[in-house]
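Notes to accompany the following structure.
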Amino acid sequence: HYDGAMALEIRQQLKLSQQLVMTPQLQQAIKLLQLSRMELMDVVREELEENPVLEEGLETPDEKTAAEEEQAVDVVASEGHAFVAATFGGLRVLDVSDPTRPREVGFADRGSYDMGRALGVAVEDDRAYVANLEIGLRTVDVSKPDEPKTKAIYPLLHAPMALTVRDNRAFVADQDEGLQVVDVSDLTRPRQVGALKLPGSAMDVALSGETAFVAAREGGVWAVNVRDPTDLQLIGSYIVAESVVSIDVRGDTLSLIHI
């Protein structure tokens, strides 16, 4: 699927981390994280109807503590700090200058159910970007790590799962809408500059040179030329039998997590 000019190519002999064993519990957690709030409620309702042993709790979301709803699902380290996407815990900032004693120093929108689930985070310079499943792309000023401030929310995304940022461009894995590119040069006014629908459901994205590699669940892995973000071009694919949910690229090696 590639021409001779490509610096990278996907080959069967790439070192793929397909030996990872996903427990049934972890597989279920990943699947549940992909659901919208309404879809999640439908799943719970069906389970309650099918399993007489289960009982519906009487607590409402507002009565639960943030800690009960927080799960660290993505993390990026930058200049002595770790930025954590913690689902309903929002964006958490840890001081990791002493790796043996990490400590939380700041947070943005922690415990706010209206802000949805933070599933992905990327950092460039003094800016952080958060993929929130229910609300879209959130931009955060982290020039003061102990006082991160949300600057804008870009809502015109379907269901952002993960993202990576380079040169003031956010490349977002947006489930059924594929790969989305958002210009974030103005932190207060993010705007879409490119999009490309892909087979499957985009779950993760990684950049290498002028190529974005997208993990698309049952669609496998797709390679997209992003030299011109306004004109994204599909240039290759790697299909596997399993559902690919996460991806990383180092040099000419792709690492995948599948379920």
Side-chain angles (χ1 to χ4, degrees), residues 1-11 14-16 74 76 78 83 85 119-125 127-133 136-140 152 154-187 189-240 244-258:
H1 299 302
Y2 294 91
D3 57 31
M6 282 298 299
L8 294 170
E9 59 178 3
I10 306 176
R11 304 188 302 271
L14 285 176
K15 300 175 182 178
L16 304 177
D74 195 16
V76 173
S78 177
F83 299 85
L119 298 185
V121 60
V123 175
E124 186 175 49
D125 299 326
R127 302 174 171 192
Y129 307 91
V130 182
N132 282 85
L133 181 61
L137 172 65
R138 181 151 49 99
T139 65
V140 185
Y154 181 77
L156 302 182
L157 297 172
H158 171 65
M161 297 296 297
L163 77 166
T164 187
V165 176
R166 186 175 67 192
D167 298 333
N168 291 320
R169 298 284 192 275
F171 298 83
V172 185
D174 194 23
Q175 283 207 24
D176 293 345
E177 293 302 311
L179 179 63
Q180 305 268 2
V181 184
V182 180
D183 183 330
V184 290
S185 53
D186 183 344
L187 202 61
R189 294 184 178 181
R191 60 186 182 89
Q192 185 186 59
V193 293
L196 181 65
K197 281 198 172 186
L198 300 167
S201 181
M203 300 296 295
D204 197 8
V205 57
L207 289 179
S208 182
E210 297 177 344
T211 305
F213 294 93
V214 182
R217 287 185 62 85
E218 65 281 357
V221 177
W222 295 91
V224 180
N225 187 311
V226 296
R227 178 185 302 176
D228 179 0
T230 66
D231 184 25
L232 304 177
Q233 299 290 327
L234 184 63
I235 56 176
S237 63
Y238 175 70
I239 306 301
V240 296
V244 184
V245 296
S246 184
I247 189 169
D248 189 26
V249 58
R250 292 289 185 272
D252 62 353
T253 299
L254 288 175
S255 297
L256 312 177
I257 293 179
H258 60 82

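- Here the CD atom belonging to E218 is positioned 10.0 Å from the CD1 atom belonging to I239, to the nearest 0.5 angstrom.
- In this structure the side chain of I247 never reaches within 4.5 angstrom of the side chain of V214, judged on heavy atoms.
- Side chain of Q175 to main chain of M161: no donor-acceptor pair is present (N/O by atom type, distance under 3.5 Å, no hydrogens or angles).
- Checked by atom type and distance alone, the side chain of T139 pairs as donor or acceptor with a backbone atom of A152 at under 3.5 Å.
- At least one side-chain heavy atom of E124 sits less than 4.5 Å from a side-chain heavy atom of N168.
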Does the side-chain hydrogen bond (donor to acceptor under 3.5 Å, both in side chains) test come out yes or no for S246 and D204, once each step is laid out? CA-CA 5 Å; S246 184; D204 197 8; 3.2 Å; yes
Pair R217-V245, side chain to side chain contact (heavy atoms under 4.5 Å, CB included): steps then yes or no: CA-CA 5 Å; R217 287 185 62 85; V245 296; 3.9 Å; yes
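- Separating the CG atom in L163 from the CG atom in D74 is a distance of 8.0 Å, to the nearest 0.5 Å.
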Step by step, would you call L137 with V184 a side chain to side chain contact (heavy atoms under 4.5 Å, CB included)? CA-CA 10 Å; L137 172 65; V184 290; 4.1 Å; yes
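- Here the side chains of Y238 and L256 are in contact, with some heavy-atom distance below 4.5 Å.
- Smallest separation of non-hydrogen atoms from A202 and G178: CB-O, 3.6 Å.
- The side-chain heavy atoms of F213 and L179, taken from C-beta on, include no pair separated by under 4.5 Å.
- Between D174 atom CG and K197 atom NZ the span is 10.0 Å, to the nearest 0.5 Å.
- Contact between V182 and P190 at its shortest, heavy atoms only, is CG1-CB, 3.8 Å.
- Taking each heavy atom of A173 and V205 in turn, the nearest pair found is N-CG1, 4.1 Å.
- Across every non-hydrogen atom of S201 and D176, the tightest pair is OG-OD1, 3.8 Å.
- Going from atom CG of N225 over to atom CZ of R227 covers 5.5 Å, rounded to the nearest 0.5 Å.
- More than 12 heavy-atom neighbours from other residues, nucleotides or ligands sit within 6.0 angstrom of CZ on R166.
- Proximity of V123 to V165: side-chain heavy atoms (C-beta onward) are nowhere separated by under 4.5 Å.
- Between F171 atom CZ and L232 atom CG the span is 7.5 Å, to the nearest 0.5 Å.
- Between R127 and S185, the shortest heavy-atom contact is NH1-O, 3.1 Å.
- Between L234 and A223, the shortest heavy-atom distance links the atoms CD1-O, 3.5 Å.
- A heavy-atom distance below 4.5 Å is found between the side chains of Q180 and L157.
- In this structure, CZ on R191 lies 4.5 Å from CG on D183, to the nearest 0.5 angstrom.
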